[in-house]
Number of protein chains: 2
Amino acid sequence: MYKNKQKLLIAVDCIIFGFDSEQIKLLLFKRKVEPYSGNWSLVGAFINENLSLNEAAQEILFEYTGLKDIYLEELQTYSKVDRDPGERVISVAFFSLTRINEIVEESVEKFDAHWFNLDEIPELILDHREMVDNAITKLRQKARYQPIGFELLPEKFTIPQLQLLYECIYNKKLDDRNFRKKIFSYDILTKTDLKDKSTSKKGAFLYKFNKKKFDSFIANGYNFEL
Amino acid sequence: MYKNKQKLLIAVDCIIFGFDSEQIKLLLFKRKVEPYSGNWSLVGAFINENLSLNEAAQEILFEYTGLKDIYLEELQTYSKVDRDPGERVISVAFFSLTRINEIVEESVEKFDAHWFNLDEIPELILDHREMVDNAITKLRQKARYQPIGFELLPEKFTIPQLQLLYECIYNKKLDDRNFRKKIFSYDILTKTDLKDKSTSKKGAFLYKFNKKKFDSFIANGYNFEL
DNA sequence: GCAAAAGTGTTTTCACTACACCCATGA
DNA sequence: TCATGGGTGTAGTGAAAACACTTTTGC
């Protein structure tokens with residue numbers, strides 16, 4: 001149909017974040033193909049005719065982590081003409097938030113993957129470091145006004161866990177009384193009668209994120225901010 | 001280098017906003033090529049090997065408006081497999097903010113272009129309507145925390161003009177005393193001793209956006225919000 | 001002199017901050 | 001019984017919201 005128009009290679013790369021109850025982590029892989037075989041890299045793949053970019057990213061994530069229905073969002077395109085010395089490739093970066101504990105261990109081992117702290121990211125191929133930096137920036141910005149933090153926590157979590165996550169995201173200590181006051185004021189959590197005693201003798205109650213309550217909170221014109 | 005990998009058509013489409021001192025407007029074009037020749041459309045073009053997406057978008061904007069160095073930002077990709085019935089095309093949408101009065105009139109006329117109010121957008125080809133809606137959402141969000149509004153105003157503008165622009169963006173009346181108080185509190189405008197008498201007998205002083213002051217405002221850790 | 005838009009301050013309200021102690025429990 | 005993290009309330013502060021009148025000037 002569109003004759004004489006040039007076609008190009010197009011790829012997706014995925015920035016995968018996790019949270020291990022102490023730190024936010026980034027999942028990186030030892031690259032298996034040339035150029036740069038053996039170096040640390042994001043996971044990615046070329047796009048073919050049969051999938052949208054989002055679908056392709058979902059597939060990659062499933063292949064490398066064993067997870068489906070991961071939180072996934074487009075970051076931006078990277079299209080400098082010479083960004084890949086092999087050949088011209090336009091890449092679309094996606095960032096994804098995962099629950100570390102749900103990731104199928106074998107998948108990760110099979111691919112020589114490793115979780116890195118954000119302040120210990122090794123050298124990455126091509127412009128992947130730039131992608132990661134942009135993703136971190138976006139994570140920090142977005143977490144402030146959207147409830148994406150819950151994507152990084154297990155289904156049930158304690159308030160201290162949630163607070164710690166936000167302290168990691170903002171790289172800043174938060175006041176526990178004010179934090180509780182704020183999160184409870186939104187009334188978007190459901191308290192369970194279970195306690196997590198893994199970090200204290202007293203134990204902390206477990207909560208679930210209540211999407212219905214959250215949606216009606218937003219529908220009523222309120223703004224979420226943590 | 002990357003053998004056996006499929007290549008795809010990739011295009012950019014530009015959402016062009018303007019402000020005519022009364023309304024926010026969208027610049028649309030009568031499409032000249034099949035499919036859908038004669039229908040309203042965003043401007044766009046296929047990407048070739050020699051340009052990054054951003055460069056390609058800049059070129060398109062120059063060709064169709066005669067403007068250089070337009071404010072331009074990537075919106076997102078549109079990659080549904082069947083989004084273009086002609087052939088599979090992945091499109092990257094950019095949104096741009098322009099000063100209507102600077103746009104070269106002949107460029108616009110030559111291409112059968114027209115400025116539409118946001119509530120009078122005609123039917124558009126393909127998924128362009130979705131792109132426009134996403135762009136409007138992004139404009140509203142972004143205007144709140146970044147000083148992008150000034151990109152839509154002439155170099156010199158009055159406070160009532162600026163307020164009207166924000167009222168259009170948010171679709172909401174603002175209190176003039178509070179608006180002035182806030183914008184002046186940031187100390188990011190330079191007052192000129194010129195008055196614009198086009199809208200009142202008394203005349204309103206003209207101001208310029210002072211990027212230096214703005215940058216140091218941000219550098220000092222303050223947040224812009226209007 | 002009057003119509004029409006520009007410009008100006010004060011009070012109230014509410015959300016954010018800072019801050020210190022008791023509770024429950026396992027060891 | 002004590003060490004450890006979980007959980008609670010209040011007073012002070014500062015920013016946002018609400019609100020009405022004076023100024024200027026072309027007609």
Side-chain angles (χ1 to χ4, degrees), chain A residues 20-22 143-145 153-154 156-170 172-208 217-218 220-226, chain B residues 20-23 143-145 153-154 156-208 217-218 220-226:
Chain A
D20 66 356
S21 290
E22 290 194 11
R144 181 148 247 128
Y145 302 107
L153 291 171
K156 298 192 185 73
F157 52 85
T158 67
I159 304 300
Q161 270 175 346
L162 181 63
Q163 180 176 344
L164 187 58
L165 169 62
Y166 274 88
E167 289 178 340
C168 287
I169 292 174
Y170 299 140
K172 185 179 154 191
K173 201 107 192 65
L174 301 175
D175 181 280
D176 41 338
R177 284 159 294 186
N178 294 337
F179 184 82
R180 267 168 202 274
K181 204 182 311 170
K182 199 162 195 179
I183 187 69
F184 286 139
S185 78
Y186 297 145
D187 187 28
I188 56 171
L189 300 183
T190 302
K191 189 176 187 173
T192 71
D193 45 12
L194 304 170
K195 279 194 163 187
D196 170 16
K197 294 208 169 184
S198 64
T199 54
S200 78
K201 294 158 184 167
K202 181 177 178 180
F205 278 105
L206 288 161
Y207 292 80
K208 290 198 229 181
F217 173 79
I218 296 300
N220 288 329
Y222 293 104
N223 289 319
F224 174 84
E225 186 182 345
L226 261 189
Chain B
D20 68 356
S21 290
E22 290 193 11
Q23 298 254 350
R144 182 148 247 126
Y145 302 107
L153 292 171
K156 298 192 185 72
F157 51 86
T158 67
I159 304 300
Q161 270 175 346
L162 180 63
Q163 180 177 342
L164 187 59
L165 169 62
Y166 274 88
E167 289 178 338
C168 286
I169 293 174
Y170 299 140
N171 214 350
K172 186 180 154 191
K173 202 106 193 66
L174 301 175
D175 181 278
D176 42 338
R177 283 159 293 185
N178 293 337
F179 185 82
R180 267 167 204 275
K181 204 183 309 172
K182 199 161 195 180
I183 187 70
F184 286 139
S185 77
Y186 296 146
D187 188 28
I188 55 173
L189 300 183
T190 302
K191 189 176 187 172
T192 71
D193 45 13
L194 305 169
K195 278 194 163 187
D196 170 16
K197 294 207 170 187
S198 64
T199 55
S200 78
K201 293 156 185 170
K202 182 177 179 182
F205 278 106
L206 288 160
Y207 293 80
K208 291 199 228 180
F217 173 79
I218 297 300
N220 288 329
Y222 293 105
N223 289 319
F224 174 83
E225 186 181 345
L226 259 190

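A, B, ... follow the sequence lines: proteins, then strands. Residue 1 opens every chain. Keep in mind that this is a model prediction, so the values were computed, not measured. Any value given below was found using the heavy atoms of this structure, including those in side chains, with hydrogens, waters and symmetry copies removed.
- Between the P atom of dA15(C) and the CZ atom of F224(A) lies a distance of 17 Å, rounded to the nearest Å.
- Between L174(A) atom CG and dC16(C) atom P the separation is 13 Å, expressed in whole Å.
- For dA24(C), the base has no donor-acceptor partner in the side chain of K202(A) [N/O atoms by modelled type, under 3.5 angstrom].
- What separates CG of D193(A) from C1' of dG6(D) is a distance of 17 Å, to the nearest Å.
- Between L189(B) and I159(B), some side-chain heavy-atom pair lies under the 4.5 Å cut-off.
- In this entry the distance linking CD of E22(A) with C1' of dG5(D) reads 15 Å, nearest Å.
- Here the closest heavy-atom approach between residue E167(B) and residue K173(B) is recorded as OE2-NZ, 3.2 Å.
- Closest approach of A204(B) and S200(B) over heavy atoms only: N-OG, 4.5 Å.
- We find that CZ of F184(B) is positioned 12 Å from P of dG9(C), with the value rounded to whole Å.
- As rounded to whole Å, 19 Å separates atom P of dA18(C) from atom CZ of R180(A).
- Of the candidates dG26(D), dT8(C), dG6(D), the closest approach to any side-chain atom of S200(A) belongs to dG6(D).
- In this structure, K201(A) atom NZ and dG26(C) atom C1' are separated by 5 Å, rounded to whole Å.
- A cation-pi arrangement is present between K195(A) and F205(A), with the terminal nitrogen or guanidinium carbon under 6.0 Å from the aromatic centre and inside a 45° cone about the axis.
- One interatomic measurement links the two molecules: NZ of K195(A) to P of dG7(D), which rounds to 7 Å at whole-angstrom precision.
- Projected onto DNA chain D by closest heavy-atom contact, K191(A) and T199(A) fall at different nucleotides, the more 5' of which corresponds to T199(A).
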Next item on the list: Quick one, give me the B/S/- string for nucleotides 9-19 of chain D, reading 5' to 3', where B means a protein heavy atom under 4.0 Å from the base and S means that only happens at the primed atoms, P, OP1 or OP2.
Entry: BB------BBB

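- D196(B) places none of its side-chain heavy atoms less than 4.5 Å from the side chain of F157(B).
- For the pair K197(A) and D176(A), nearest-nucleotide mapping onto DNA chain C gives the more 5' position to D176(A).
- Two rings, from F224(A) and F217(A), have their centers 6.0 Å or more apart.
- Shown here for Y170(A) and L226(A), the closest heavy-atom pair between the two residues is OH-O, 2.7 Å.
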